[in-house]
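For reference, positions follow the sequence shown, starting with 1. Only this structure's heavy atoms are used, side chains among them; waters, hydrogens and symmetry mates stay out.
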Amino acid sequence: MIIAADSPKQVTHSVVRLSEMSLDTDLIQVGPWKVEGHLVAGRAGDRVRR
């Protein structure tokens, strides 16, 4: 599993290369948010529910 804030060419190339080597790899994009004064990280696209 590769966790990154964004997916530049180097990161996506690494995932493709690992896949070509028959390694099961997931790329997960994360980002920071402020929730009720606290800094939290979550998967891009996820929404925090209150």
Side-chain angles (χ1 to χ4, degrees):
M1 181 180 301
I2 297 174
I3 301 172
D6 57 9
S7 302
K9 286 182 184 180
Q10 298 89 339
V11 173
T12 53
H13 178 75
S14 296
V15 172
V16 170
R17 183 72 180 120
L18 291 169
S19 178
E20 291 172 349
M21 297 170 57
S22 298
L23 295 171
D24 188 19
T25 306
D26 291 322
L27 175 58
I28 298 174
Q29 188 173 355
V30 297
W33 291 276
K34 271 197 174 178
V35 177
E36 297 180 3
H38 298 282
L39 187 61
V40 297
R43 230 172 41 177
D46 285 354
R47 295 180 186 251
V48 176
R49 296 179 190 225
R50 295 183 196 191

- Task: Report whether V16 and I2 are members of the same hydrophobic cluster (ILVMFWY, side-chain heavy atoms less than 4.5 Å apart, transitive linking).
- Result: no
- Could you state whether V30 and L39 fall into the same hydrophobic cluster, counting links through intermediate Ile, Leu, Val, Met, Phe, Trp or Tyr residues with side-chain heavy atoms under 4.5 angstrom apart? no
- Task: Check for a donor-acceptor pair, side chain of S19 on one end and backbone N or O of V15 on the other, with a separation under 3.5 Å.
- Result: no
- Pair listing, salt bridge (charged side-chain N to carboxylate O under 4.0 Å, His left out) test, anchored in residues 18-33, at least two apart: R17-E20
